[in-house]
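One structure is given below, encoded as structure tokens.
Counting starts at 1 for both ligands and their atoms, in listed order.
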Amino acid sequence: MVLQRASTSKIKRMSSSTPSKPKPGHPANAIAPANKPSNFLRQIIEHDLAAGSYAQRKWGGSPGDAAHHAQGAPDPAKIRTRFPPEPNGYLHIGHAKSICINFGLARDYGGVCHLRFDDTNPEKEEQEYVNSIIDAVKWLGFDWNGSPTAAPYQASDYFDFMYRAAEALIEAGHAYVDEQTVEQIRINRGDFGKPGVDSPFRSRTPAENLARFREMRDGKHEDGAMVLRAKIDMASPNINLRDPAIYRIRRATHHNTGDKWCIYPMYTFAHPIEDALENITHSICTLEFEDQRPFYDWLLQRLIEAGLLSAPPPHQYEFARLNLSYVITSKRKLAQLVYDHKVKGWDDPRLPTLVGLRRRGYTPEAIQLFAERIGVTKSDSWIDYSTLEGCLRETLDGSAARAMAVLDPIKLVLSNWDAVMGKPEDSSQAAVGKLDDCSAPLHPHHPELGKRSFKIGKEVWIDRSDFEETPHKGFFRLFPGNKVRLKYGHVIECTGCTKDASGKILEVLATLIPDTKSGTPGSDAVKVKGVITWVGVSDGLPVEVRLYDRLFLDAQPDAGGKDFIESLNPNSLKVVTAFVEPSLASAKADQKFQFERHGYFVADRVDHAAGKPVFNLAVGLKDSWGK
Ligand code: ATP
Ligand code: MG
């Protein structure tokens with residue numbers, strides 16, 4: 001299948017200084033996978049493969065330092081990418097983009113993608129999140145089984161090496177212990193218009209620094225009393241190079257290393273080292289890390305010079321993070337919604353978490369299609385939520401079984417039913433009347449999937465909105481004097497309705513037009529403009545349907561520091577009792593259906609049970625938001 005790109009009006013195209021596309025005949029052309037829209041990352045990788053940039057690397061069988069990899073065999077992975085989540089929450093649709101990019105590139109170019117838990121921050125991480133991340137990556141369709149690398153990895157396994165790297169920097173005069181207060185460090189860093197001021201501790205000797213750093217490690221100093229800083233350039237125009245902190249004192253129990261350490265590496269120090277130990281070739285991250293790249297390169301060069309890491313080092317590339325309208329993609333903010341009970345847990349179908357989307361009815365195929373369609377660019381933009389919904393519709397359309405459902409039921413009574421159809425053979429059924437068998441294909445384009453059966457009788461459920469006593473212009477469904485077809489059934493003519501004392505409509509009345517049943521000879525002799533869906537009163541199944549809508553009313557709920565709680569949509573969930581066809585009695589949790597004329601629904605994976613069916617609205621049939 002050739003994938004269509006999303007419309008350019010919704011997605012700003014990239015503008016970036018990336019390598020130009022290889023010319024015809026260029027060896028990289030032989031490397032490009034067929035049928036994949038190119039992007040700047042693919043071009044970079046194809047260029048690196050053609051140039052053999054990483055062909056000399058060796059792989060020691062597991063992550064490790066230069067000596068470890070040097071005794072290994074040539075790396076069987078042509079490229080190595082990684083997906084490095086911090087296990088401090090559940091993954092969301094933004095992470096899915098990153099997963100699809102990193103695992104997808106590795107798959108397409110004979111490489112390996114490492115799932116790595118970036119767990120260098122001891123306070124926020126939990127095993128529950130680790131497990132949920134593994135589940136999410138596998139559910140999306142990616143795995144590490146059979147790869148030459150056993151994964152997942154955890155950054156905290158590299159703490160010993162990181163400590164060694166820090167000592168090596170100190171010994172080479174590239175790092176020092178700074179005892180200024182946090183405030184002094186901040187002020188002396190300067191700003192965009194003002195160079196920084198050297199710390200009075202900057203000129204200490206390596207021996208003094210080493211002794212101090214070991215005291216930090218040995219718990220001789222209070223949290224925050226001092227930090228280890230890289231010694232680079234306090235006048236650099238890039239503030240990230242003005243002697244960034246690389247180790248801090250923090251007495252906290254780590255979920256992996258327990259109380260072994262009271263000093264922890266800073267993210268900017270840890271991350272490049274994690275990449276290098278794992279032989280990563282292309283370290284792909286979001287744009288906000290662009291300014292960190294010079295430090296990434298500086299650090300790895302110093303550690304290669306020190307003989308600790310093997311060359312060539314990994315290289316960092318940045319892409320635009322996913323911003324999706326009406327959606328929040330920040331684990332921290334999603335956690336706030338969960339813990340403040342604004343939603344019913346991490347897997348609430350209104351959340352953009354992968355567990356939430358899954359429960360909503362999203363499939364891995366839909367999310368992969370979405371990732372492919374939005375592409376990879378280097379300029380920030382907002383993707384319209386309807387792009388994601390469109391991908392779900394497209395992937396469910398070919399597979400979801402069809403069924404009729406009435407979401408807002410009102411009874412339709414066919415007053416001449418007995419006269420036309422005759423009395424039931426079994427006199428005990430007189431009140432119900434005679435029932436007539438109807439059938440429909442499970443899927444209109446897949447007759448091989450078979451048929452579904454249901455019965456029509458003198459009473460059927462129809463949707464309240466399919467009747468208008470005084471029709472508005474262009475309304476072709478039920479109103480007194482108008483004929484419509486009951487889908488897969490007969491043509492009927494509306495005769496009116498009954499009301500209670502307050503004027504509320506109780507029942508809609510109609511007469512059956514004989515000899516018009518779908519599929520029988522001459523059934524289309526009576527022409528109608530409207531066809532309505534319905535469910536028999538005799539065999540309709542009452543079910544709970546959860547109608548979900550956008551969680552926020554504001555398209556950019558947290559942009560510019562806005563309080564996203566204020567734009568929560570009070571009507572994001574409406575629960576109704578609906579009637580559905582009897583074929584749905586055997587629906588299994590997680591099974592998806594198209595309720596004809598309504599949309600795609602999924603049997604709720606948590607609450608749906610044989611005697612207590614629950615369906616979630618996954619997505620409507622048409623993009624009707626805001627219309
Ligand atoms: P959050 O704010 O949700 O915690 P994060 O970037 O801090 O996001 P990490 O767990 O550190 O979350 O992210 C793991 C990977 O997923 C990173 O490589 C990050 O760049 C990527 N990622 C996170 N959010 C998005 C997004 N919205 N679009 C694309 N990639 C993302
Ligand atoms: Mg993070």
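Under the 6.0 Å cut-off for aromatic ring centres, W59 and H69 qualify, their centroids lying closer than that. For F83 and H114, the ring centers sit 6.0 Å or farther from each other. Between F319 and F40, a ring centre-to-centre spacing not shorter than 6.0 Å is recorded.
Residue H95 holds the heavy atom nearest to atom 16 (O) of ligand 1 of all those in E86, E318, H95.
Only the side chain of H92 comes within contact range of ligand 1, with a heavy atom under 4.0 Å; no backbone atom does.
Between D380 and R321 there is no salt bridge, since no side-chain nitrogen of the basic residue lies less than 4.0 Å from a carboxylate oxygen of the acidic one. Salt bridge status for K342 with D340: absent, with no side-chain N to carboxylate O gap under 4.0 Å. By the 4.0 Å N-to-carboxylate-O rule, R164 lies close enough to D65 to be salt-bridged with it.
The N/O atoms of R332, backbone and side chain alike, include none that comes under 3.5 Å of an N/O atom in ligand 1. Ligand 1 has no N or O atom lying under 3.5 Å from any N or O atom of I284, backbone or side chain. Considering backbone and side-chain N/O atoms, G94 comes within less than 3.5 Å of an N/O atom of ligand 1. For ligand 1, one of its N or O atoms has an N or O atom of T286 under 3.5 Å away.
Near S330, meaning under 4.0 Å from one of its heavy atoms, ligand 1 places the atoms 2 (O), 3 (O). Which parts of ligand 1 touch F83 is read off a 4.0 Å heavy-atom cut-off, strictly below it: atoms 14 (C), 15 (C), 16 (O). Interface atoms of ligand 1 facing P85, defined by a heavy-atom separation under 4.0 Å, are 10 (O), 14 (C).
Residues L553 and Y326 share a closest heavy-atom pair of O-CE2, 3.5 Å.
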